[in-house]
Every structure is written in structure tokens, then in C-alpha cells.
*Asks:* 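Dumping the structure here so I can ask a few things about it.
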Amino acid sequence: MNDFSYISYISDGALLKKIGGFVKSRRIEQNLTQDEVADRAAISRSTLSLLERGENIALTNLLKVLRVLDALYVLEHFQEVKPISPMQLAKEDEVKWKRASKSKKSSPKDDLGW
């Protein structure tokens, strides 16, 4: 069970309020006004206000705001992780060297190395 399993029990409205609270706190931490963030994100101030209050806005607007606030890192959990099959893992292990080996170059037998 992961740390976010409780989220499935939270309503959509409560999640929107959590997101809005996060955006607002990031904005305030960076000492930015709503007007400044809205201008940089190319959205209206009222759209940003809606977001911070936990109202519905377009996903693209949320992405713009997260980019302005340097908070796109919250989307890292959306990366697709492809599982590696046991057969593929075994094939990769076969390729790895198990120990060092002698050089394939053979020196002339008559050369004493002087």
C-alpha cells in the first residue's frame, strides 16, 4: 500500500481544494501576486483565483501555472514504468562479465620482454 492510498476516499472537490491550496502556498512562498503568476502563465487572474479556491479549471491552465511556479515535479508520479520480464532480465545478466579475463593479444613466444 502506498502513502497516497487514502486519496481514493477523498471527494473530487476536496482534491481540487488540496491542489488549489498547494498552488497558493507555492505562489506565496515565491512572493508572487496572483496578477504576476497569471500574466506569466498567460491566463486571467480570475482563472488563477478559481484554481486557488479549488474550482474547476482547464488542465492546460493548471500546467501553465505549475510551470510558472516551477512545480511540474508533482507530475513525476505520472511516468509510465514498464515492468521488465524475468526472461529479459536473465538475458541482460548473461551479457555481463562474471570475472576478468586475460588479454586476447598473444605476445611472441621468443620475446623475453627485455
Side-chain angles (χ1 to χ4, degrees):
M1 189 181 283
N2 62 32
D3 295 338
F4 298 105
S5 60
Y6 70 91
I7 287 182
S8 62
Y9 300 109
I10 298 176
S11 70
D12 293 349
L15 284 173
L16 289 171
K17 288 192 186 301
K18 264 182 156 337
I19 293 168
F22 171 79
V23 167
K24 184 176 182 176
S25 68
R26 287 288 296 189
R27 177 181 62 78
I28 292 171
E29 282 173 12
Q30 295 179 22
N31 197 28
L32 297 170
T33 66
Q34 283 185 337
D35 284 326
E36 290 170 325
V37 172
D39 286 343
R40 292 179 190 178
I43 62 173
S44 68
R45 191 202 53 75
S46 61
T47 299
L48 180 60
S49 180
L50 287 172
L51 168 61
E52 289 185 356
R53 288 194 319 257
E55 301 292 330
N56 256 344
I57 65 162
L59 181 58
T60 54
N61 289 334
L62 172 62
L63 296 176
K64 290 176 185 179
V65 171
L66 291 176
R67 185 171 284 114
V68 166
L69 297 175
D70 194 30
L72 284 173
Y73 66 88
V74 298
L75 303 176
E76 287 176 358
H77 293 286
F78 286 95
Q79 284 185 341
E80 180 182 2
V81 178
K82 294 184 179 182
I84 299 175
S85 73
M87 291 301 291
Q88 182 65 31
L89 193 56
K91 287 179 184 177
E92 289 175 7
D93 279 345
E94 286 176 3
V95 175
K96 293 180 184 174
W97 290 358
K98 303 296 182 195
R99 64 183 105 158
S101 61
K102 292 183 180 181
S103 175
K104 302 234 184 231
K105 294 181 187 176
S106 60
S107 58
K109 292 182 182 180
D110 296 335
D111 185 14
L112 297 176
W114 298 69

*Asks:* By side chain to side chain contact (heavy atoms under 4.5 Å, CB included), which residues pair with V65, not counting sequence neighbours?
*Replies:*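 Listed in chain order: V23, V37, A41, I43, L48, L51, L69.
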
*Asks:* Rounded to the nearest 0.5 Å, how far does NZ of K24 lie from CD1 of I19?
*Replies:*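 Interatomic distance, I19 CD1 to K24 NZ, rounded to 0.5 Å: 16.0 Å.
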
*Asks:* Quick check for you: to the nearest 0.5 Å, what is the distance between T47 atom OG1 and Q34 atom CD?
*Replies:*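 That separation rounds to 10.5 Å.
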
*Asks:* Are R40 and L32 side-chain neighbours, meaning at least one heavy-atom pair lies under 4.5 Å?
*Replies:*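 The answer is yes, as the side chains (C-beta and beyond) meet within the 4.5 Å cut-off.
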
*Asks:* Same cluster or not: L50 versus I28, using hydrophobic residues (I, L, V, M, F, W, Y) connected whenever any side-chain heavy atoms lie under 4.5 Å apart?
*Replies:*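 They do not share one cluster, since no chain of ILVMFWY contacts under 4.5 Å joins L50 to I28.
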
*Asks:* Between CG of N61 and NZ of K64, what distance do you get to the nearest 0.5 Å?
*Replies:*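 Reported value, rounded in 0.5 Å steps: 5.0 Å.
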
*Asks:* If you round to the nearest 0.5 Å, how far is CG of L75 from NE2 of H77?
*Replies:*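 Here the rounded value is 9.5 Å.
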
*Asks:* Any non-hydrogen side-chain atom of E36 less than 4.5 Å from a side-chain atom of T33?
*Replies:*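 Yes, at least one pair of side-chain atoms sits under 4.5 Å.
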
*Asks:* To check you understand the geometry: which heavy-atom pair defines the closest contact between N56 and L16, and what is its length?
*Replies:*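 Reported closest heavy-atom pair: OD1-CD1, 3.6 Å.
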
*Asks:* So with a 6.0 Å cut-off around CZ of R53, is the heavy-atom count from everything else above 12?
*Replies:*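 More than 12 within 6.0 Å, yes.
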
*Asks:* Do S49 and S46 pair up side chain to side chain, a donor and an acceptor below 3.5 Å, judged on atom types alone?
*Replies:*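 No - no donor-acceptor pair under 3.5 Å links their side chains.
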
*Asks:* For R27, give me all partners under salt bridge (Lys or Arg N to Asp or Glu O under 4.0 Å), at least two apart in sequence or on another chain.
*Replies:*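 For R27, the residues satisfying salt bridge (Lys or Arg N to Asp or Glu O under 4.0 Å) (neighbours in sequence not counted) are E52.
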
*Asks:* Starting from the C-alpha separation in whole Å, work towards a yes-or-no answer on side-chain contact (heavy atoms from CB on, under 4.5 Å) for F22 and V74.
*Replies:* CA-CA 10 Å; F22 171 79; V74 298; 3.7 Å; yes

*Asks:* Calculate, to the nearest 0.5 Å, the distance between atoms CD1 and OG belonging to I57 and S44 respectively.
*Replies:*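 One gets 9.5 Å once the value is rounded to the nearest 0.5 Å.
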
*Asks:* Can you tell me how far apart CZ (R26) and CG (D70) are? Round to the nearest 0.5 Å.
*Replies:*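 It comes to 6.0 Å.
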
